[in-house]
Amino acid sequence: MQTLIVLGSIMMFLAVALGAFGAHALKRKLSADMIKVYETGVQYHIAHGLGLILLGLIADRLEPSSLIMAAGWLLFAGILLFSGSLYALSITGVRKLGAITPLGGVAFLAGWIMVIIAVL
């Protein structure tokens, strides 16, 4: 529904802004390994931002749409945890932040499982 489309659009705006920031401001400041970590965060951010928009568009077509809403919130949590931890890890170099990343991955997986359940 509308909430997921707006949330997805905000996430896409942030993904583009953070991607540009990484490409222009961080390229000279981070090691090649840390740039790769940062870029992975951006890639998953973009993919799941688009996923939020897609879920918002299909929410009205599926019953019960509460499952789609729950899936959307899981994707949003995944962006915050997965991509957010990779951004923080790459910029700060604090490797312990990498322990948060799998929690975001689990949120992504759980969100997509919810979509499967909603469709079936």
Please say yes or no: joined through hydrophobic side-chain contacts below 4.5 Å, possibly via intermediate residues, are [X] and [Y] part of one cluster?
{"X": "Val94", "Y": "Ile100", "result": "yes"}
{"X": "Trp73", "Y": "Leu103", "result": "yes"}
{"X": "Ile58", "Y": "Val6", "result": "yes"}

Looking only at non-hydrogen atoms, find the nearest pair between [X] and [Y] and report the distance.
{"X": "Val42", "Y": "Tyr87", "result": "CA-OH, 3.4 Å"}
{"X": "Thr101", "Y": "Ser85", "result": "OG1-OG, 2.7 Å"}
{"X": "Gly111", "Y": "Ala71", "result": "O-CB, 3.3 Å"}

message: Donor-acceptor pair, distance only, cut-off 3.5 Å: does the side chain of Ser83 make one with the backbone of Leu80?
response: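 No; judged by distance alone, with no hydrogens or angles, the pair does not exist.
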- prompt: Is Ser65 reaching over with its side chain to a backbone N or O of Leu62, donor-acceptor style, under 3.5 angstrom?
  reply: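 Here the side-chain-to-backbone pair does not exist.
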Partners of [X] by side chain to side chain contact (heavy atoms under 4.5 Å, CB included), sequence neighbours excluded?
{"X": "Leu14", "value": "Ile10, Met11, His45"}
{"X": "Val106", "value": "none"}
{"X": "Leu89", "value": "Val37, Leu86, Arg95, Leu97"}
{"X": "Leu26", "value": "Phe21, Leu30, Ile35, Tyr38, Ile91"}

Without placing hydrogens or testing angles, list every side-chain donor-acceptor pair under 3.5 Å for residues 46-55, not counting sequence neighbours.
unit_1: His48; atom_1: ND1; unit_2: Tyr44; atom_2: O; d: 2.9
unit_1: His48; atom_1: NE2; unit_2: Trp112; atom_2: NE1; d: 3.2

Look up atom [atom1] in [X] and atom [atom2] in [Y], then write down how far apart they are to the nearest 0.5 Å.
{"X": "Leu75", "Y": "Met114", "atom1": "CG", "atom2": "CE", "answer": "10.5 Å"}
{"X": "Ser66", "Y": "Met1", "atom1": "OG", "atom2": "CE", "answer": "8.5 Å"}
{"X": "Leu74", "Y": "Met69", "atom1": "CG", "atom2": "CE", "answer": "11.5 Å"}

- request: State, with a plain yes or no, whether a side-chain heavy atom of Phe108 is found less than 4.5 Å away from one of Ile79.
  value: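 Yes, close enough: below the 4.5 Å cut-off.
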- request: May I ask you to test the Leu4-Leu57 pair for a side-chain heavy-atom distance under 4.5 Å?
  value: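 No. Closest side-chain heavy atoms not under 4.5 Å.
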- request: For residues 38-47, pull every pair meeting salt bridge (charged side-chain N to carboxylate O under 4.0 Å, His left out), keeping only residues two or more places apart or in separate chains.
  value: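 Checked against salt bridge (charged side-chain N to carboxylate O under 4.0 Å, His left out) - neighbours excluded - the pairs reaching residues 38-47 are Lys27-Glu39.
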